[in-house]
Amino acid sequence: MPFTLRGNDACQATLPTSISKPYWVAFSPSVARLLNLKLGSNGLPSNPDWLEVLAGNQLKADEIEFVEPIASVYSGHQFGVWAGQLGDGRAILLGDMNGLELQLKGAGKTPYSRMGDGRAVLRSSIREFLCSEAMHALGIPTSRALAVVGSKQTVLRETMETAAVCARVAPSFIRIGHFEHFASLQSNARLKELADLMLAYFYPECSADQDPYLSLFKAISARNAKLTAQWQSVGFCHGVLNSDNISALGLTIDYGPFGFLDSFEIDHICNHSDHGGRYAYHRQPQIMHWNMACLASAMLPLLELNHSDEESQALLRSALEEFPLNYAREWLHLFRSKLGLQIEQEGDVQLIKRLLQAMHDSRVDFTSFFRGLGNIKKDSLLTDLLQRNEFVDRENIDQWFNDYLNRLQLEALSDQSRKEMMNRINPKFILRNYLAQTAIEKAQQDDFSEVERLLQILSNPFDEQKDFESYSQPPPVDMQHIAVSCSS
Ligand code: AMP
Ligand code: MG
């Protein structure tokens, strides 16, 4: 298995703990195909051994045997404070399949579980499953989810809940926290091995560079800058952007109390344990930049292999300054596209920011507003635009729509082509909290049909899907503010 460092200072052999009478809660045939799993006509693995493997009850199915499952160690900064050693407290890496790593989340205690029970509950497992697949379909880099396996075995959280195991898949689950771990121990040889492994498998384009480690840092930072811009463009809040939850591949990982914005509130906090709003929507770019600063300091010893101390610091500092530039470029590109703008005009940033401010002031639904914007025609009359009704300050939004209509005159695309382009970037369907909650409540009554339906709908977020129109709607009033707990 090449994608994780081996040796007992980097990981520990860890077997999953069995769970009683497992059953399928959710399954993603498209991830199964990535792994070359054979499926039956019901879309589930034809070999029932896979249910036991994904429950953590056995290690062999078909011709595949996972010979040495492991839990890996990492450290990290949590809520801005150095937390020291963490590690896979409830994730066990079974092994790799078809070049991808298969990890079980919630399959029991590991050497890094600390006070935790190593388990995950049904609700958080369903949320991770659905969001991973939804993000992938939105074109946003993410770990994938193969399955959720449930059991009647109970676990104690704020109340008694039932356990579940989420099988997740990624090319590698290496995090910024892995770099921080070896840096904090001053294990420069291991730090170098980790960076070399990243270069060899995931950033080959940096290997040839004169300064491969600097180039690696820049590439990781650029991927995460782009990722954050993509999150902002669909209104996704991660919820816990601790450095141990930030992928070294620029993937969205470790789904916890995440949330998609319904009505646009720029300072929305999705994690109800985040009292200070450190991980609020509008702070995500700044926080990701901060995480890249953690990576830069962890990688400093690697730069010092070829440069003086001062030179290494200066190089990393200036590389770190590229983050806000990369982020701003991606953000502008994405929001221009959301407005259907192909050419670049100087006033575009202002046009976008004025719109977002107005949306914030009137708490306009983020996803459906942008989706609806594609219906505007270059010769639309202001009075024809139903979207105006969603804004409290009508004079202000009328001014904005006037400026937008004027701006559209500069664009070459026909109304129809622009709408098609916009509908490929402005999703109709996102994993709204209330949709996830409804599916979870049914699943808690052993009805998994809603999870399956959501998987199907969210796998095609840009399509109209007339039969599922109601799933594109903002939440009903009584489901607008579902708080998501960190305890999962
Ligand atoms: P998270 O905020 O979910 O990324 O978790 C932070 C750290 O706590 C990671 O090292 C997790 O593996 C660990 N952790 C979270 N929940 C549990 C649990 N139920 N049992 C053991 N470790 C856990
Ligand atoms: Mg985590």
Side-chain angles (χ1 to χ4, degrees), residues 4 10-12 14-17 19 56 69-93 101 103-129 131-132 142-143 145 148 151 153-168 170 172-181 184 224 237-249 251-259 269-275 278-279 284 287-288 291 294 484-488:
T4 299
C11 65
Q12 299 284 328
T14 305
L15 294 177
T17 307
I19 202 162
I70 56 159
S72 88
V73 64
Y74 49 82
S75 296
H77 284 84
Q78 299 190 313
F79 287 87
V81 179
W82 176 244
Q85 184 189 304
L86 302 162
D88 292 330
R90 53 169 171 172
I92 296 176
L93 183 60
E101 290 188 340
Q103 209 184 52
L104 299 186
K105 180 169 175 180
K109 282 192 181 156
T110 78
Y112 313 111
S113 294
R114 298 175 290 160
M115 306 298 280
D117 59 6
R119 290 293 179 195
V121 296
L122 182 64
R123 67 184 148 80
S124 68
S125 305
I126 290 175
R127 280 168 51 84
E128 172 146 12
F129 175 87
C131 200
S132 309
T142 176
S143 57
V148 176
S151 164
Q153 207 167 303
T154 52
V155 285
L156 179 62
R157 293 296 181 262
E158 277 112 7
T159 57
M160 276 308 222
E161 298 191 47
T162 59
V165 181
C166 181
R168 55 188 195 177
S172 165
F173 287 92
I174 298 286
R175 300 134 196 277
I176 302 314
H178 281 99
F179 285 86
E180 291 181 285
H181 182 70
S184 73
N224 279 302
C237 300
H238 181 284
V240 200
L241 289 178
N242 293 336
S243 63
D244 55 303
N245 288 340
I246 309 296
S247 155
L249 301 191
L251 309 173
T252 314
I253 56 168
D254 281 22
Y255 291 90
F258 67 83
I269 305 166
C270 65
N271 172 357
H272 83 167
S273 318
D274 181 10
H275 306 295
R278 180 178 168 85
Y279 300 136
Q284 295 191 122
I287 289 293
M288 188 60 99
N291 282 312
C294 294
V484 181
S485 157
C486 222
S487 129
S488 60

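Atoms within each ligand, like the ligands themselves, are counted from 1 in listed order. What you see is a predicted model; the values in this text were computed from it and never measured.
Nearest protein heavy-atom contact of atom 9 (C) of ligand 1 is Gly87 O, 3.7 Å. When hydrogens are left out, the protein atom nearest atom 12 (O) of ligand 1 is Gly89 N, 2.8 Å; that is the closest non-hydrogen contact. In this structure, the protein non-hydrogen atom closest to atom 19 (N) of ligand 1 is Asp117 OD1, 3.1 Å. Of the protein's non-hydrogen atoms, the one nearest atom 8 (O) of ligand 1 is Arg114 NH2, 3.0 Å. What sits closest to atom 4 (O) of ligand 1 on the protein, heavy atoms only, is Asn245 OD1, 2.9 Å. Counting only heavy atoms of the protein, atom 6 (C) of ligand 1 lies nearest to Gln78 NE2, 3.7 Å.
Between Arg90 and ligand 1, at least one pair of N/O atoms sits closer than 3.5 Å. Residue Val240 has no N or O atom closer than 3.5 Å to an N or O atom of ligand 1. Taking distance alone, with nitrogen or oxygen atoms compared against 3.5 Å, Tyr112 stays at or beyond that limit from ligand 1. Close N/O approach between Gly116 and ligand 1 is not found [any backbone or side-chain N/O within under 3.5 Å].
Taking every non-hydrogen atom of Tyr74 and a distance limit under 4.0 Å, the qualifying atoms of ligand 1 come out as 9 (C), 10 (O). Each of the atoms 10 (O) of ligand 1 lies under 4.0 Å from some heavy atom of Leu86. For ligand 1, the atoms lying closer than 4.0 Å to a non-hydrogen atom of Asp254 are 4 (O). Close approach of ligand 1 to Arg157 (heavy-atom distance below 4.0 Å) involves ligand atoms 19 (N). Taking every non-hydrogen atom of Gly118 and a distance limit under 4.0 Å, the qualifying atoms of ligand 1 come out as 18 (C), 19 (N), 20 (N), 21 (C).
Under a 4.0 Å N-O distance rule, the pair Asp88/Lys105 does not qualify as a salt bridge.
Checked by atom type, the side-chain pair Glu101/Thr4 shows a donor-acceptor distance below 3.5 Å. For the residue pair Ser488/Arg90, the side-chain donor-acceptor check at 3.5 Å is satisfied. Checking Glu180 against His77 by side-chain atom types alone, a donor-acceptor pair falls below 3.5 Å.
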### Task
Might you work through the side-chain hydrogen bond (donor to acceptor under 3.5 Å, both in side chains) test for Thr252 and His238, ending with a clear yes or no?
CA-CA 8 Å; Thr252 314; His238 181 284; over 6 Å; no
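Taking backbone and side chain together, Asp244 holds no N, O or S atom under 2.8 Å from the Mg ion (ligand 2). At least one N, O or S atom of Asn245 sits under 2.8 Å from the Mg ion (ligand 2).
Nearest approach of Pro111 to Gln12, heavy atoms of both residues: CG-CB, 3.5 Å. Nearest heavy atom pair, residue Ala167 against residue Leu104, reads CB-CD2, 3.9 Å.
Between the CD1 atom of Ile287 and the CZ atom of Phe79 there is a distance of 9.5 Å, given to the nearest 0.5 Å.
Residue contacts with ligand 1 do not include Met115, since none of its heavy atoms lies under 4.0 Å from the ligand.
Put simply, the side chain of Asn291 does not reach to within 4.5 Å of the side chain of Asn224, judged on heavy atoms. Two residues are said to be in side-chain contact when any heavy atoms from C-beta on lie closer than 4.5 Å; Ser132 and Arg168 fail this criterion.
Taking the centre and axis of the six-membered ring of Tyr255, the NZ or CZ atom of Arg127 falls outside the cone set by 45° and 6.0 Å.
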